[in-house]
Amino acid sequence: MILANAFCLFFFLDETLRSLASPSSLQGPELHGWRPPVDCVRANELCAAESNCSSRYRTLRQCLAGRDRNTMLANKECQAALEVLQESPLYDCRCKRGMKKELQCLQIYWSIHLGLTEGEEFYEASPYEPVTARLSDIFRLASIFSGTGADPAVSAKSNHCLDAAKACNLNDNCKKLRSSYISICNREISPTERCNRRKCHKALRQFFDRVPGEYTYRMLFCSCQDQACAERRRQTILPSCSYEDKEKPNCLDLRSLCRTDHLCRSRLADFHANCRASYQTLTSCPTDNYQACLGSYAGMIGFDITPNYVDSNPTGIVVSPWCSCRGSGNMEEECEKFLRDFTENPCLRNAIQAFGNGTDVNLSPKNPSFQATQAPRVEKTPSLPDDLSDSTSLGTSIITTCTSVQEQGLKANNSKELSMCFTELTTNIIPGSKKKVIRPNSGPHRARPSAALTAVSFLMLKLAL
C-alpha cells in the first residue's frame, strides 16, 4: 500500500512539473499569439495578403466612418471585425517619428485603436515605438556639457543659447532648415496678417524632425544665467508667428482641435506617454528617460498644440501651449489638469534642467549631478495620483518605500533634505489606457512553481504519516 501511494505521489509530482514547464501553461497575450511589433505600413501589407484580415479591415473602416464607438459596437459585424483584427499584426503595430510614410502609418494605427477606446480618453497610448536612446548618447555625439568641467566663472558668463545657434550654423543641414523656418515665419503677409502660420508650422516640423537632437536640443533647452539668454531661448521657434495669437483659446478646445489631425494627436499622445509625471520613478519621468520626454516635447512644435516658454525668466522654467482654462464650465478641473501637465510637470522640468546642466540620470550612481524636483511625498495610505485614477480602475497592491534624497546622493531643490516615496503598483492594467483588449485565448497567469511544490510537499508529508 505504501509503495502504491509513493508511486501515485511521484507520478503526480512529475505531471505537475511538466505542466508548469510547458509553454501551453503560459496563458494570456504575453505568450499566446505574441508577435514582434512591426510598423503599421508593413502590418497593413501583411493584412492585405490575408483574405480574412483584409476583408475585416475594410469592414472596420466602414464601421468607423461617421459613427461613434457605441453605435459601431452595436453592429455585430463591426464587433466581429474588431475582434479578428486584434489578433492581427495591425493591433500591435507602431510607427517611427519622422519615418518616410509617417502619416500613412498613423492613419492605419488610429483606424484600429480609435475603435478600442471608450469615448475620449484623457491620456491616449502613444502610436510611436518606445525610445531607447538616452541624453548621454546626445552628449557623446555633440560633446556638449554646458557648464560641466568648465571654469565656473567662464560658464556663468556664457550665453549657451547663442553658442547653440552658432553650432547650428556650422552644420549644413541645420543651417539650411533653420534659415528656412526663420524666413517663412518672419514673412509678413499683410498689415493685418503677420505671417502664414500654416507654412511656419510646416517649416518648424521639418527642422525638428530632420535635424539631429544634438543641435535642436541645444537651441530649445540651453541653460541660461540671464534674461537675454532666456529670451533668445524663448524666441527659438519664432513665437510671434508659431505660438502667440490675439486671444488664448480654451485648452480643451485646443486639445480637441489637435485630435482631429492624426499627426498632432499622435505627438500629444507621445508627450503624455513620455513626460507624464510619474510617482514611481527617481526622476518623476516614466522609465527615468529624459531623452524620451524631451524628444516628445520637441515633436509637438509645429502643431496647434505647440508649447513654448511663457516668459524670459532664466531660472524658473515654465512652458505651456497658448491656451487658458477660461470658459471651461463644468470641465474646468479637467482643463486645469491638462494645463498642469505642461506648466507644473516635474518630469519635463527635470529633463530640461538635466540637459542644460549636461547631465543624464544614472539610476545606480553614488554622486549624480542633476538636481531633481521630486513628486509630492506619498503617505502610507496614499490615494492614487490623478494621472492613474483618471484613466484606470486599478485592482492593486500598494507597497510604499521611502528613501532619502541624500541617501541617493542627490541634491534636492529648495530643501536640505527631501524624502522620496516610491509606490510600487502591481496590476494587469496598463496605466493611462482604457482599452478593452479582447483576447479569446487569454487567461490567468501561470501559478508559481514554488506554490505547487509546497502543496506537493504537504501531500507527501500527509501520506508518510
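Only this structure's heavy atoms are used, side chains among them; waters, hydrogens and symmetry mates stay out. Since the structure is predicted, the reported quantities are computational estimates derived from the model, not experimental observations.
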### Summary
Tightest non-hydrogen contact, residues Ile237 and Leu220, listed as CG2-CD2, 4.2 Å
### Query
Residues two or more places apart in sequence or in another chain: which of them pass salt bridge (charged side-chain N to carboxylate O under 4.0 Å, His left out) with Arg234?
Glu231, Glu244
#### Entry: Contact check, side chains of Cys264 and Ile305, non-hydrogen atoms, under 4.5 Å
yes
### Task
With sequence neighbours left out, write down each residue that passes side chain to side chain donor-acceptor pair (under 3.5 Å) with Arg194, or none if nothing qualifies.
none
### Message
Ignoring hydrogens and geometry beyond distance, is a side-chain donor-acceptor pair present between Tyr57 and Ser88 at under 3.5 Å?
### Response
no
### Query
Are Arg232 and Gln227 side-chain neighbours, meaning at least one heavy-atom pair lies under 4.5 Å?
no
### Query
If only atom types and distance count, is the side chain of Ser278 paired as donor or acceptor with the main-chain N or O of Ser284 below 3.5 Å?
no
### Message
Taking Gly295's backbone N and O only, do any of them form a donor-acceptor pair with Arg97's side chain (distance below 3.5 Å, no angle check)?
### Response
yes
### Query
Rounded to the nearest 0.5 Å, how far does CD1 of Ile317 lie from CG of Asn345?
12.0 Å
### Query
Can you name the side chain to side chain contact (heavy atoms under 4.5 Å, CB included) partners of Ser296, sequence neighbours left out?
Asp270, Phe271, Asn274
### Query
Do Asn313 and Thr315 have a side chain donor and acceptor closer than 3.5 Å?
yes
Mind listing the side-chain donor-acceptor pairs of residues 44-51 below 3.5 Å, one per line with the distance, residues two or more places apart or on another chain?
from, atom 1, to, atom 2, distance (Å)
Glu45, OE1, Arg42, NH1, 3.2

### Query
Is it true that atom CD of Glu77 has more than 12 heavy atoms of other residues, nucleotides or ligands lying nearer than 6.0 Å?
no
### Message
side-chain contact (heavy atoms from CB on, under 4.5 Å) for Arg265 and Arg255? Distances and angles first, verdict last.
### Response
CA-CA 8 Å; Arg265 182 177 205 142; Arg255 182 184 68 176; over 6 Å; no
#### Entry: Closest approach of Lys248 to Cys323 (non-hydrogen atoms, all atoms of both residues)
CD-O, 3.8 Å
### Summary
Here the pair of heavy atoms bringing Thr343 nearest to Val318 is O-CG1, 4.0 Å
### Task
Name all residues meeting the side chain to side chain donor-acceptor pair (under 3.5 Å) criterion together with Tyr128; count only those two or more places apart in sequence or in a different chain, and write none if there are none.
Glu102, Arg267
### Asp288 side-chain N/O to Thr283 backbone N/O, donor-acceptor pair under 3.5 Å
yes
Only pairs under 3.5 Å count here: list side-chain donor-acceptor contacts from residues 173-184, not counting sequence neighbours, and write none if there are none.
from, atom 1, to, atom 2, distance (Å)
Asn173, ND2, Arg210, O, 3.2
Ser179, OG, Lys175, O, 2.8
Tyr181, OH, Thr236, O, 2.7
Ser183, OG, Arg187, NH2, 3.2

### Cys200 and Cys241 SG atoms under 2.5 angstrom apart
no
### Message
Using every non-hydrogen atom in the two residues, find where Ile301 and Phe208 come nearest and quote the distance to one decimal.
### Response
CG2-CE1, 3.7 Å
### Message
Could you check whether any side-chain N or O of His160 sits under 3.5 Å from a backbone N or O of Gly356, counting only pairs where one atom can act as donor and the other as acceptor?
### Response
no
#### Entry: Test log, rule disulfide bond (SG atoms under 2.5 Å apart), inputs Cys347 and Cys285
CA-CA 5 Å; Cys347 166; Cys285 284; 2.0 Å; yes
### Query
Are Cys224 and Cys161 close enough that their SG atoms are less than 2.5 Å apart?
no
### For Gly302 against His201, the heavy-atom pair lying closest together
O-CB, 3.1 Å
### Query
Heavy-atom distance under 4.5 Å between the side chains of Asp39 and Lys96, does that happen here?
no
### Check: Thr281 and Thr287 side chains under 4.5 Å, non-hydrogen atoms
no
### Query
With a 4.5 Å heavy-atom cut-off, do Pro321 and Thr306 have their side chains touching?
no
### Task
Output the distance between atom CD (Gln86) and atom CG (Leu60), rounded to the nearest 0.5 Å.
9.5 Å
### Query
Is it true that Cys185 and Cys195 have SG atoms closer together than 2.5 Å?
no
### Query
For the cysteines Cys325 and Cys335, is the SG separation below 2.5 Å?
yes
### Task
List for me each residue that meets ring pair (Phe, Tyr, Trp, His ring centres under 6.0 Å) alongside Tyr309, sequence neighbours excluded, and say none if there are none.
none
### Message
If the threshold is 4.0 Å, N to carboxylate O, is there a salt bridge linking Arg259 and Glu124?
### Response
yes
#### Entry: Residues in side chain to side chain contact (heavy atoms under 4.5 Å, CB included) contact with Cys40, at least two apart in sequence or another chain
Cys93, Cys95, Cys105, Ile108, Tyr109
### Query
When you look at NZ of Lys101, are more than 12 heavy atoms from neighbouring residues, nucleotides or ligands closer to it than 6.0 Å?
no
### Query
With sequence neighbours excluded, what pairs up with Asp341 under the side chain to side chain donor-acceptor pair (under 3.5 Å) test?
Tyr123
### Trace of the salt bridge (charged side-chain N to carboxylate O under 4.0 Å, His left out) decision for Glu344 with Arg349
CA-CA 8 Å; Glu344 300 176 23; Arg349 183 166 57 250; over 6 Å; no
### Task
Report the residues that fulfil side chain to side chain contact (heavy atoms under 4.5 Å, CB included) with Ala167, sequence neighbours left out, ordered by chain and then residue number.
Arg218
### Query
Would the number of heavy atoms belonging to other residues, nucleotides or ligands and lying under 6.0 Å from CD of Glu336 be above 12?
yes
### Task
Given side-chain contact (heavy atoms from CB on, under 4.5 Å), test Phe338 with Met331 step by step and report yes or no.
CA-CA 11 Å; Phe338 173 82; Met331 302 289 286; over 6 Å; no
### Message
With a 3.5 Å distance limit and no angle check, can you tell me whether Arg94 reaches the backbone of Pro127 through a side-chain donor-acceptor pair?
### Response
no
### Task
Could you pull out all residues at least two apart from Ser328 that satisfy side chain to side chain donor-acceptor pair (under 3.5 Å)?
Asn250
### Query
Who passes side chain to side chain contact (heavy atoms under 4.5 Å, CB included) against Glu188, sequence neighbours left out?
none
### Query
Judged by atom type as modelled, is there a donor-acceptor pair below 3.5 Å linking the side chain of Tyr91 to the main-chain atoms of Ile112?
no
### Query
For Asp172, does the CG atom sit with more than 12 other heavy atoms under 6.0 Å from it, leaving out its own atoms?
no
### Ser223 versus Arg233, closest heavy-atom pair with distance
CA-NH1, 4.4 Å
#### Entry: Value rounded to 0.5 Å, distance of CZ in Arg61 from SG in Cys78
14.0 Å
### Message
So does Glu247 get a backbone contact from the side chain of Trp322, meaning a donor-acceptor N/O pair under 3.5 Å?
### Response
yes
### Message
Exactly one of Phe221, Tyr290, Phe342, Phe355 should register a ring pair (Phe, Tyr, Trp, His ring centres under 6.0 Å) with Tyr297. Which one does?
### Response
Phe221
